[in-house]
Structure formats: structure tokens, C-alpha cells
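One structure is given here, and the rest of the page talks about it.
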Protein chains: 2
Amino acid sequence: MDFLPALRELVRTYQAFDAFSGQHIRKLGLTMSQFDVIATLGNTAGMSCRDIGEKTLMVKGTLTGVLDRLEKKQLITRVENPHDKRSVLVHLTPAGQRIFEDAFPAHLAYLEPAFRRLGKERLDTLQQELAALRQALEQTGKS
Amino acid sequence: MDFLPALRELVRTYQAFDAFSGQHIRKLGLTMSQFDVIATLGNTAGMSCRDIGEKTLMVKGTLTGVLDRLEKKQLITRVENPHDKRSVLVHLTPAGQRIFEDAFPAHLAYLEPAFRRLGKERLDTLQQELAALRQALEQTGKS
DNA sequence: CAAAAATAGTACGAACGCGTACAATATAGT
DNA sequence: ACTATATTGTACGCGTTCGTACTATTTTTG
């Protein structure tokens, strides 16, 4: 079975999205990962690294570095979790909150036209087939 | 329009593939990028960096480093192109050729069961929808 | 309760990935 | 021919990504 074309298209499309999205975000002085963390942290009362990693799909080792740079930019703070001294709670600072309120809707508005071109139906189909492939990969990986 | 779920699935699926594929390739002492270059170079009489980059979707700056490491491993060589002194021709060494002949089919065989689970039809659909999304992204990026 | 196993986060090294700048060479335009 | 422009690859810095190892805490178990 010749799955290489589909595979190739997966990579190409992912990269196209990454380029398209990243181009906009870099203008705000952020990286995709940093933006992702800020978007995740918005409208929350603080999250552990573990939870952030789960949402953003970053492994914890990666997250440490991203948080370090966000902390240096004074967009987030790390405070000790009183209930579990192993973990920390990550919060947006007021400056981080401001970026969330400005940049997040702006970025959605930037992305929207591209996805609108596809239409809801095709987008749904795409999502389903992607999920099926992912499951196939994860299932095969286990066995 | 709520495109975030589809977007999220794109990223998750890409990462799932990357993890699944990379896991196998790392056992051969290669990285995905290195494997990609070797697979591209197999059955050719040598290619320029430009062409390799086009096939593997790496930007030239990235490629320089990957080629450096492959050269250090003595899997490729860089020879001057007599027709155009700006460019170099990248070849597989005999050792590189051996890896291509062994690892490339082995890796396809490793990937195949996962894709087989989806079936040809769903795979085709997936490819089409991905291509549509990519075009939408590229079109929107231009205008 | 004490030892063993799990969990949270950090530290670190290797490799990518991208943007920018740069040197060498080719190609166009005049 | 000569200059302006484009192309090829490298150099470099910043940030990400991953795997592995490690410390500090829970949590589980015997």
C-alpha cells in the first residue's frame, strides 16, 4: 500500500500551518510555544507544568525552557504549590494577561479566513481522518 | 467558525507520527532528518543542497548542519559541482548506500501496518483534505 | 511505619529549525 | 564588457524539541 503521498501531505500541511501561524506570532515578539503557553494560561487561576504540558503537547523538559524565557520577559510567574511541594503553579502576570487579551483574539482572527476557505464540513472530515490516523499510530505503537 | 479542534488534531497527529517514526529510526543511530536525507539521496547520482532541501522540506540553513553530521558519520560526501562552482553535489558513500538499502525498506515495513489500519480509502480522503487545507493556508498567506 | 515506586520539575547535551547576514559565483540588463 | 541582481551554500544566534539523568517530594505497599 502506498501511503507515502498521504504521509508527505501530512508533513507539508503541518509545516504550512506552522509557517502561516508563526509568521503572525513572531510579529508580537513571541514564539509559537510561548504563545501557546499564554493562550493556555489565559482565563485560568494558574496551572501546573504538568497540566500545561498536557494542553500544549510539550514534554516537561521543553516546557522548563519556554517558561524560563516567559519568566524573563515577565509574562508569567512561578509560585510554589502549597498542596504539593513538588509542583509549581504558573500564572500570567498583568503584562501576560494583557498580551493574552490582545494577541489571542487577534491571532484567531488571523487564522480564521484560511480555515473558513475549507468550510466546516471538510474541516470536520479532516479532523476525523486525522484522529483515525493518530489512533492507528498509537495502537500500532503499543502492540 | 470553530476550527481549533481540527487544528489541534493536526498537531497531535503530526506529533504522533513523528514519535512513532522517530522511535524506530533512532534505533538505527539516525535522526529523522538524517534518514530523510539518506532516503532522498538513495538511487540518485547525487543532488545539490537546493534539491535535497526541496524534497525534504528543510531550509538550507538546517540542511548544512544535517549534512555536516552525516559527513562526519561518513554516510555522505560533498563534491564540488564542476558546472556551477556555487553548488555542491551530495552523494551517498558506500556505507550510506548500505544504510539506504537496509534501513529504508525496513522503515517502510515498520510504518505500513499503522497506515494499513486506516485503509486506502480513508488515507486518500485524508490526503485530499490535508492538501485542501494547505492550499487554503498558502493562498491566504499570499493575499 | 519504613521501603519501594510513582510523580513534578529541573539540568544538560545533541540535533533541529528558522531568520538573518555573508561570500562566492552565475546570470541579466544595459 | 560591466554592473546590478539572483542564486548557492555556509555561519551564527536564538529558541525549540527530545531523551536521559537527577533531586525532591508524594503515594503506595508490604
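Naming: A, B, ... by sequence-line order, numbering from 1 per chain.
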Could you give the [atom1]-to-[atom2] distance, from [X] to [N], as a whole number of Å?
{"X": "A:R12", "N": "C:dG17", "atom1": "CZ", "atom2": "P", "value": "15 Å"}
{"X": "B:M32", "N": "D:dC18", "atom1": "CE", "atom2": "C1'", "value": "12 Å"}
{"X": "B:D18", "N": "D:dT16", "atom1": "CG", "atom2": "P", "value": "17 Å"}
{"X": "B:D68", "N": "D:dT10", "atom1": "CG", "atom2": "P", "value": "7 Å"}
{"X": "A:M47", "N": "C:dG9", "atom1": "CE", "atom2": "C1'", "value": "15 Å"}
{"X": "A:M58", "N": "C:dG9", "atom1": "CE", "atom2": "P", "value": "14 Å"}
{"X": "A:H83", "N": "C:dT7", "atom1": "NE2", "atom2": "C1'", "value": "18 Å"}
{"X": "B:N81", "N": "D:dG9", "atom1": "CG", "atom2": "P", "value": "9 Å"}

Minimum-distance nucleotide to [X] side chain [options: [options]]:
{"X": "A:V66", "options": "D:dT16, C:dA26, C:dA15", "value": "D:dT16"}
{"X": "A:R78", "options": "C:dA15, C:dT10, D:dT25", "value": "C:dT10"}
{"X": "B:T62", "options": "C:dT10, D:dT26, C:dG17", "value": "C:dG17"}
{"X": "A:C49", "options": "D:dT10, C:dA15, C:dT10", "value": "C:dT10"}
{"X": "A:S33", "options": "C:dA6, C:dC16, D:dT16", "value": "D:dT16"}

Which residue lies toward the 5' end of DNA chain C, B:K60 or B:K73, if each is placed at its nearest nucleotide?
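On the 5' side of the pair lies B:K73.
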Specify the residue among A:V88 and B:R69 whose closest nucleotide of DNA chain C lies further upstream toward the 5′ end.
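That would be A:V88.
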What's B:D84 touching, base or sugar-phosphate or nothing? Going by heavy atoms closer than 4.0 Å.
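Answer is sugar-phosphate: B:D84 comes under 4.0 Å of backbone atoms only.
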Could you tell me whether B:T64 contacts a base, only the sugar-phosphate backbone, or nothing, with contacts defined as non-hydrogen atoms closer than 4.0 Å?
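Base, at least one base heavy atom under 4.0 Å.
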Is there a donor-acceptor contact under 3.5 Å linking the side chains of [X] and [Y]?
{"X": "A:D36", "Y": "A:T56", "answer": "no"}
{"X": "B:S21", "Y": "B:H107", "answer": "yes"}
{"X": "B:S87", "Y": "B:R50", "answer": "no"}

Phosphate OP1/OP2 of C:dA6: any A:R86 side-chain N/O under 4.0 Å:
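Looking at the OP1 and OP2 atoms of C:dA6, neither is under 4.0 Å from any side-chain N or O of A:R86.
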Is the closest basic N to carboxylate O distance between [X] and [Y] below 4.0 Å?
{"X": "A:D68", "Y": "A:K73", "value": "no"}
{"X": "B:E80", "Y": "B:K85", "value": "no"}
{"X": "A:K55", "Y": "A:D51", "value": "no"}

B:L41 versus B:H91: any side-chain heavy-atom pair under 4.5 Å?
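With C-beta onward as the side chain, the pair stays apart.
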Polar pair under 3.5 Å, donor/acceptor by atom type, side chain B:R50, base D:dT8:
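Absent.
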Could you grab the distance from atom CD of A:E129 to atom CD of B:Q127, nearest 0.5 Å is fine?
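If we round to the nearest 0.5 Å, A:E129:CD and B:Q127:CD are 12.5 Å apart.
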Using a strict heavy-atom distance below 4.0 Å, which residues from residues 19-30 of chain B are in contact with DNA chain C?
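Under 4.0 Å from DNA chain C: no residue of residues 19-30 of chain B.
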